[in-house]
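Just so it is clear, the structure is predicted and the values come from calculations on it, not from any experiment.
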Amino acid sequence: MIKNKVVLITGASSGIGAATAMLLAKKGAKLVLVARREEKLQHLVKEIESAGGTAVYQTLDVTDAEANKRIVQFAKDTFGHLDVIFLNAGLMPNSPLSELKTNEWNQMVDVNIKGVLSGIAAVLPTFKAQKSGHVITTSSVAGLKAYPGGAVYGATKWAVRDLMEVLRMESAQENSHIRTATIYPAAIRTDLLETITDTESAKSMAAVYNQYQIGPDRVANVVAFAIDQPEDTNVNEFTVGPTNQPW
C-alpha cells in the first residue's frame, strides 16, 4: 500500500525524482522532497498540493552527512514517521579517462556514492528501530555494463549495485524487515546530460537519447510498483528503458 506512506526523495526537483513525486502523491503518499534547486522544489510542491496531494520540501546537498540526518528528522517531525527513502540524486559528466577531468570524477564519487551512503546512514537507525522501511536507489544500466566514456560514472553505479545488495542481505540477516530496490535506467529523459562538459561525450550521449529516450514517468511506475508490494515481499532490482534501445 502506498497511501499514507511517508516517502523522502532526493534529487526530487526534476526528472525521475519529480515524476515519482507526482505519481506517489496521486496515490496518497506524503512526500518530503529534497534537492539543491529550491525554486523547482517550490513549484513541484505547489503542483502536488493543487492536485490534492501532500508534500513538503527542503534544500539538501546530499554529500553533507549531517544535513542528511537533519532531513530524516525533518520528515519524522513533519509526518510522525518515515517509510521510504528514494536515493535518486546523481551526476553523469561522462568523459574519456584520458581527458583527466578529475574534478568531475570526484563530484561523481561524492554525489553518486557518498550521497547514497549518507542517505543510508541517516535513515538506517530509524528503519532498524521501527523494524520496517524501504531503501530505493537509482543506479543505471552503466552499473550493469561498461562503455567507453563512462568509466567513473559506471564505477559509481556499480558501487551502488553492490552496496544495495549487501544492505538487502544484512537487513534479512538482522531481521530488520528493511526492503531494498535498485533501479537501472537506460535512456530516460532527465537533466543528466546537462552535466557533461566533454564535447564528444556530450554529442555521443545526446545522439543516443534523442533516438531512444522515454519519459521519467516510466521509472516512477517502477518505484510505485516496488513500494506497493506486501511488506513481506522484496522486489530488489529493475532494469528499465526504451523497448527499442539495445542497451
Side-chain angles (χ1 to χ4, degrees), residues 6-24 31-45 55-75 82 84-94 103-124 133-143 150 152-164 167 180-185 188-196 216-217 219-220 222-223 226-227 238 240:
V6 179
V7 182
L8 170 58
I9 303 175
T10 71
S13 59
S14 64
I16 290 169
T20 301
M22 291 295 296
L23 178 61
L24 296 181
L31 300 169
V32 180
L33 307 178
V34 299
R36 291 170 299 168
R37 297 176 291 185
E38 184 168 16
E39 187 175 335
K40 285 183 174 289
L41 289 170
Q42 287 176 336
H43 177 76
L44 180 58
V45 167
V56 295
Y57 79 89
Q58 293 273 293
T59 57
L60 174 68
D61 175 356
V62 296
T63 67
D64 185 333
E66 292 304 314
N68 277 272
K69 293 177 185 176
R70 289 194 294 272
I71 288 295
V72 168
Q73 190 59 51
F74 171 74
L82 180 60
V84 181
I85 189 166
F86 179 25
L87 301 168
N88 171 67
L91 297 174
M92 191 183 70
N94 281 352
N103 287 339
E104 293 181 354
W105 300 355
N106 287 324
Q107 288 173 351
M108 282 188 278
V109 170
D110 286 345
V111 172
N112 298 355
I113 301 179
K114 292 181 181 177
V116 170
L117 283 169
S118 292
I120 290 172
V123 82
L124 267 188
H134 204 163
V135 181
I136 304 173
T137 56
T138 303
S139 179
S140 168
V141 291
V152 180
Y153 178 70
T156 66
K157 294 304 186 177
W158 277 85
V160 169
R161 179 188 185 190
D162 182 79
L163 171 63
M164 289 294 289
L167 175 61
T180 61
T182 307
I183 302 171
Y184 305 96
I188 305 294
R189 188 171 62 251
T190 69
D191 294 344
L192 278 180
L193 269 61
E194 296 176 9
T195 66
I196 302 176
D217 55 304
V219 181
V222 173
V223 177
I227 295 172
F238 301 90
V240 55

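In terms of the side chain to side chain contact (heavy atoms under 4.5 Å, CB included) criterion, residue partners of Leu23 (sequence neighbours excluded) are, by chain and number, Lys27, Ala220, Asn221, Ala224. A search for side-chain hydrogen bond (donor to acceptor under 3.5 Å, both in side chains) contacts involving Thr10 returns nothing, not counting sequence neighbours. Annotation: side chain to side chain contact (heavy atoms under 4.5 Å, CB included) contacts of Arg189 (sequence neighbours excluded): Gln213, Pro216. For Lys40, there are no side-chain hydrogen bond (donor to acceptor under 3.5 Å, both in side chains) partners at least two apart in sequence or on another chain. Listed by chain and number, the residues in a salt bridge (Lys or Arg N to Asp or Glu O under 4.0 Å) with Glu39 amount to none (sequence neighbours excluded). Every residue two or more places apart in sequence or in another chain was checked for a salt bridge (Lys or Arg N to Asp or Glu O under 4.0 Å) with Asp61, and none qualifies. Judged as a side chain to side chain contact (heavy atoms under 4.5 Å, CB included), and not counting sequence neighbours, the contacts of Thr180 are Met164, Leu167, Arg168, Asn234, Asn236. Partners of Arg36 under the salt bridge (Lys or Arg N to Asp or Glu O under 4.0 Å) rule, at least two apart in sequence or in another chain, do not exist in this structure. Every residue was checked against the salt bridge (Lys or Arg N to Asp or Glu O under 4.0 Å) condition with Asp64, not counting sequence neighbours, and none meets it. Looking at residues two or more places apart in sequence or on another chain, you find a side chain to side chain contact (heavy atoms under 4.5 Å, CB included) between Leu192 and Met92, Tyr153, Thr190. Under the side-chain hydrogen bond (donor to acceptor under 3.5 Å, both in side chains) criterion, Gln58 pairs with no residue, sequence neighbours left out. With sequence neighbours excluded, no residue satisfies side-chain hydrogen bond (donor to acceptor under 3.5 Å, both in side chains) with Arg70.
Across Ile227 and Val84, no two heavy atoms sit closer than the pair CD1-CG1, 4.1 Å. The two residues Lys157 and Ser139 make their nearest non-hydrogen contact at O-OG, 3.1 Å. Looking at every heavy atom in both residues, Leu44 comes nearest to Ala21 through CD2-CB, 4.2 Å.
No side-chain heavy atom of Asn68 sits under 4.5 Å from any side-chain heavy atom of Val72. Tyr184 has its side chain within reach of Arg161: a pair of non-hydrogen atoms, C-beta onward, lies under 4.5 Å apart. Contact annotation: the side chain of Phe74 approaches that of Val56 to within less than 4.5 Å [non-hydrogen atoms, C-beta and beyond]. Residues Ile120 and Val135 meet the side-chain proximity criterion, which asks for heavy atoms closer than 4.5 Å. The side-chain heavy atoms of Val223 and Phe238, taken from C-beta on, include no pair separated by under 4.5 Å.
Remark: Thr63 OG1 to Leu117 CG distance equals 12.0 Å, nearest 0.5 Å. Interatomic distance, Ile85 CD1 to Thr137 OG1, rounded to the nearest 0.5 Å: 11.0 Å. One finds the OG1 atom of Thr138 at 3.5 Å from the CG atom of Asn88 (value rounded to the nearest 0.5 Å). Ser13 OG to Leu60 CG: the interatomic distance, rounded to the nearest 0.5 Å, is 11.0 Å. Atoms CG and CD1, on Leu8 and Ile136 in that order, are 11.0 Å from each other to the nearest 0.5 Å. The structure places CE of Met22 at 10.0 Å from CG of Leu31, a figure rounded to the nearest 0.5 Å.
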Legend entry - Asn112 and Val160: CA distance, side-chain angles, deciding distance, side-chain contact (heavy atoms from CB on, under 4.5 Å) verdict: CA-CA 8 Å; Asn112 298 355; Val160 169; 5.6 Å; no

